[in-house]
Chemist: 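My questions will all concern the structure given below.
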Amino acid sequence: MKLDQYSLLKEKLNSDKYSSIFILVDDNTDKFCLDIFKEKSGVKRFNKIIIKSGEENKNIESCLLIWDKLNEFNADRKSLLINLGGGVLTDIGGFCASTYLRGISFINIPTTLLGMVDAAHGGKTGIDFKLLKNQIGVFKDPLEVVLDSEYLKTLSKDEFINGYAEVFKHSLLTDNPDLDFNSLIKKDFYKDVDFIISKYSEIKNEVVKSDKFESNNRKILNLGHTIGHAIESYSFMSNSINELKHGEAIIVGLITELYISHKQLSFPLSDLENIKTELLKHYKVISFSDNDVNQIYDLMIFDKKNEGSRINFVLLEAIGRPVVDKEINRELFIDSFKYYNNSL
Ligand SMILES: NC(=O)c1ccc[n+]([C@@H]2O[C@H](COP(=O)([O-])OP(=O)(O)OC[C@H]3O[C@@H](n4cnc5c(N)ncnc54)[C@H](O)[C@@H]3O)[C@@H](O)[C@H]2O)c1
């Protein structure tokens, strides 16, 4: 199946609906994706805003640059911002659009697999603050999300695999036998990519539809992220482990949180072992010292999803059967890293 959703967009972009159009890119999507987008969308009049790529630039400085450009080119409430990039760019772009003049419209055109299956959907926008992930942000839906796997042709293999972390997560949250983890690992990650983008982004969209502001069911999408985000933040501030990509940190988060699920909710050991083996075929194993693990635990206290000093986890009773708001103690957390490190 070829994903082509440009026809509606073409009409919109070339009508008088918008007073001005801005396209936000980073240094890579400027080079690799902008020409494809221009050709497919037929967009003619626009101003380009370019920011530096990478999670380290998902910050207020990039926002200042974007707001400054919107000002310089007289953006008004009828302007449109098109975010052409991965999850970092759609998170920042969505946030800047939602706050500029109390909110202008934006469209997401994800160009990484992670963006296509996850980040571009669901209306969570934001930036990192003082090394804490997504600490500042708002909920605001894009007008549209255009999914086009052609952009993936220039994505590095590492970034492609990084995106699969969120696909794995979605496959652990569904009990649909055609999409669950055991069915996903039989797929060809490259040849089946259009199927994967369409089906696994749908899983996220269905969950979001049921609970937009994360008061209940949407919390299940945080599987692997309570520990994963803390690991990601820690990797930026510590010299003891290398900086990790979002997906790499989420994979450690999934394995450790499934171990905790096994201990607390009797998640089947055979599934746990199988999932760990399969995931570690695709991702390098990171070595965590006792000190690393203790510091990661402390960082979790600051996670925005926690209420007061409670650390709330999403755990699984079985594949496709998540349970939210589970608490754990430091000891079990430490054991989960021992399990990950094969030192239990
Ligand atoms: N809002 C949400 O619901 C949500 C969900 C999941 C993840 N996220 C966020 O998404 C971010 C991670 O997203 P990501 O992995 O897409 O990172 P990213 O946006 O940093 O992209 C990864 C790298 O690929 C480059 N790139 C992008 N498209 C390319 C292309 N087509 N060809 C060549 N290079 C290309 C980028 O410039 C960057 O260097 C994290 O900040 C995470 O917090 C948000």
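Order of appearance sets the numbers: ligands from 1, and atoms from 1 within every ligand. When reading the values below, keep in mind they use all heavy atoms of this one structure, side chains included, and skip hydrogens, waters and symmetry mates. Note that the numbering runs from 1 along the sequence shown for the chain.
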Chemist: For Lys140, which residues count as a salt bridge (Lys or Arg N to Asp or Glu O under 4.0 Å) partner, sequence neighbours excluded?
Modeler: none
Chemist: Apply the hydrophobic cluster definition, ILVMFWY joined by side-chain contacts under 4.5 Å directly or through others, and give me every member besides Leu24.
Modeler: Phe22, Ile49, Ile51, Ile60, Leu64, Leu65, Ile66, Trp67, Leu70, Phe73, Leu81, Val88, Leu89, Ile92, Phe95, Tyr100, Leu101, Ile104, Phe106, Ile127, Phe129, Ile136, Val138
Chemist: Taking atom types as modelled and ignoring hydrogens, do the side chains of Ser215 and Asp211 form a donor-acceptor contact shorter than 3.5 angstrom?
Modeler: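 There is such a pair (donor and acceptor under 3.5 Å, judged by atom type) between the side chains of Ser215 and Asp211.
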Chemist: Protein residues near ligand 1, heavy-atom distance below 4.0 Å?
Modeler: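 Under the 4.0 Å cut-off, ligand 1 touches Asp26, Asn28, Thr29, Phe32, Cys33, Ser53, Glu55, Lys58, Gly86, Gly87, Val88, Asp91, Thr111, Thr112, Leu114, Asp118, Ala119, Lys124, Lys133, Asn134, Tyr151, Thr154, Leu155, Glu159, Asn162, Glu166, Lys204, His246.
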Chemist: Are more than 12 heavy atoms, taken from residues, nucleotides or ligands other than Lys12, located less than 6.0 Å from that residue's NZ atom?
Modeler: yes
Chemist: Looking at residues at least two apart in the chain, or sitting in another chain, which of them share a salt bridge (Lys or Arg N to Asp or Glu O under 4.0 Å) with Asp118?
Modeler: Lys169, Lys204
Chemist: Quick check for you: to the nearest 0.5 Å, what is the distance between Ile275 atom CD1 and His262 atom NE2?
Modeler: 12.0 Å
